[in-house]
Amino acid sequence: MIPSIAVGSTHRHSAFYHDILDGLRAESKHLPSKYFYDETGDRLFQQIMNCPEYYPTRCEMEIMQEQSKDMARLFTAHSPAFNLVELGPGDATKSWFLLRELQRKHAAFTYYPIDISTNVISWLETKLPVTLPGIRLHGLNGEYLEKMQQVKSFSPNPKIVLFMGANIGNMTVPRAIQFCRQLHDHMQPGDLLLIGFDLKKHPRTILDAYNDRQGITRAFNLNLLTRINRELDADFNTDLFEHYPTYDPGTGACKSYLISLADQTVHVAGKAVSFRENEAVHMEISQKYSLEETANLAAQSGFQPVHTFLDSKKWFADVLWQRLP
Ligand code: AVJ
């Protein structure tokens, strides 16, 4: 029998299709937050970063504005010539301060931003040479680890890897350990890694950051349902799901859920998915760390902490690690 070419067949093999349906069919329903970032999601995230309640971006920006000089000093002392690899640079507004300091010091480095979005890479390749004339820049479009491997074939120089913006928070702690071990395996002994962590602080401050009064974070979560409707021929009614952010100060896990407000059946690419009233769909984790916990993560993944850069409120840390042999 030849399988019939049914409605939705164009989606059948996409990773998006499989990830969404697997998540919705699981015992505890979940949707991967990496899919938040379509065009609308990118715009909503920009708006979140401007919300009064969403502090992490401003804290890390302060670190980069105030301490890039110290960072650049540590980097150039480490190696006269190096490859500066940035994972998920966004518009590089934060790393820009570091790049400028490195240029001022006439450091011999090539900047390799790695991003899954072609837009991000082409934007950086057009814009950065304007404000940072003479920058040696080689954008790479694709998966982090795969592209890191490729950097080695371009240049044998030591690597300094940046993974900022608390993006590591979107992994559970076990996943973060696994990811840092993979980074370790893609680096050489002595190479440096700078990771941004959102730190534990008053639980109310954290919860408010994911529950802004303007409802932008709510829209950010619901937008994934709209994206699924558009790209997978689904029929979610976003009015029947409620944004429910949580923060557990014990574990440091900040999790967002969508709660079904009714017994309902939704169709995704022709497949029926049922929700009970009050059933939760886990959307995103933004894990918070203490400084001790970041040091434990380093120890468990083959790195030695070298330096900690904190903002004035001590709400955010960019930690510098060195890869052990
Ligand atoms: C981009 C992953 C750091 O988890 O704080 C912001 C994304 N989600 N508000 C975060 C996000 C809801 C953000 N990161």
Side-chain angles (χ1 to χ4, degrees), residues 30-64 86-95 113-117 119-120 144 162-173 175-176 179-180 194-227 241-249 251-259 281-289 293-294 297 311 313 315-319:
H30 54 90
L31 291 170
S33 61
K34 67 174 177 185
Y35 293 119
F36 282 5
Y37 303 87
D38 65 353
E39 219 178 291
T40 307
D42 282 342
R43 206 187 57 239
L44 288 167
F45 183 58
Q46 290 290 332
Q47 290 178 30
I48 287 171
M49 291 191 289
N50 288 317
C51 282
E53 297 94 337
Y54 192 75
Y55 60 83
T57 309
R58 282 187 298 276
C59 290
E60 195 178 36
M61 192 63 133
E62 183 205 305
I63 293 172
M64 298 311 286
E86 180 160 19
L87 310 178
D91 58 9
T93 41
K94 284 170 283 186
S95 35
I114 301 178
D115 206 282
I116 196 75
S117 155
N119 289 337
V120 162
Y144 295 157
L162 310 176
F163 187 41
M164 297 168 52
N167 287 317
I168 197 162
N170 276 175
M171 301 173 200
T172 61
V173 173
R175 266 286 295 134
F179 182 71
C180 289
L194 185 82
I195 308 190
F197 289 94
D198 191 17
L199 298 178
K200 289 179 172 173
K201 58 186 65 60
H202 195 289
R204 176 62 58 195
T205 305
I206 292 175
L207 191 57
D208 287 350
Y210 296 85
N211 198 24
D212 65 280
R213 298 185 59 146
Q214 296 169 80
I216 299 166
T217 309
R218 170 183 174 275
F220 186 54
N221 280 264
L222 288 171
N223 177 57
L224 180 51
L225 303 187
T226 308
R227 178 179 186 183
F241 290 89
E242 185 179 291
H243 172 54
Y244 186 80
T246 68
Y247 176 62
D248 177 351
T251 61
C254 181
K255 294 181 182 174
S256 292
Y257 296 88
L258 289 177
I259 308 297
V281 185
H282 172 52
M283 303 296 284
E284 186 181 41
I285 180 163
S286 300
Q287 179 67 39
K288 310 306 175 193
Y289 289 80
E293 288 163 341
T294 72
L297 179 55
D311 66 299
K313 290 209 214 49
W315 281 5
F316 197 98
D318 280 310
V319 299

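Indexing begins at 1, ligand by ligand and atom by atom, following the structure's order. As the structure is a computational prediction, the values presented were derived from the model and not from experiment. Side chains included, hydrogens not; waters and symmetry mates left out as well; all remaining heavy atoms used.
Counting non-hydrogen atoms of neighbouring residues, nucleotides and ligands closer than 6.0 angstrom, the CZ atom of R227 exceeds 12 such neighbours.
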N/O to N/O under 3.5 Å, ligand 1 against protein:
| residue | atom | partner | partner atom | Å |
| --- | --- | --- | --- | --- |
| ligand 1 | 4 (O) | N170 | ND2 | 3.4 |
| ligand 1 | 4 (O) | S286 | OG | 2.6 |
| ligand 1 | 5 (O) | Y54 | OH | 2.6 |
| ligand 1 | 5 (O) | Y210 | OH | 2.5 |
| ligand 1 | 8 (N) | E284 | OE1 | 2.8 |
| ligand 1 | 8 (N) | E284 | OE2 | 3.1 |

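Residues forming a side chain to side chain donor-acceptor pair (under 3.5 Å) with D208 (at least two apart in sequence, or on another chain): none. For Q47, the side chain to side chain contact (heavy atoms under 4.5 Å, CB included) test picks out R43, L44, I216, with sequence neighbours left out. H282 is linked by a ring-ring contact (aromatic ring centres under 6.0 Å, His included) to Y257, counting only residues two or more places apart in sequence or in another chain.
Between G196 and F316, the shortest heavy-atom contact is CA-CE2, 3.8 Å.
Using a 4.5 Å cut-off on side-chain heavy atoms (C-beta onward), K313 and E62 make no contact.
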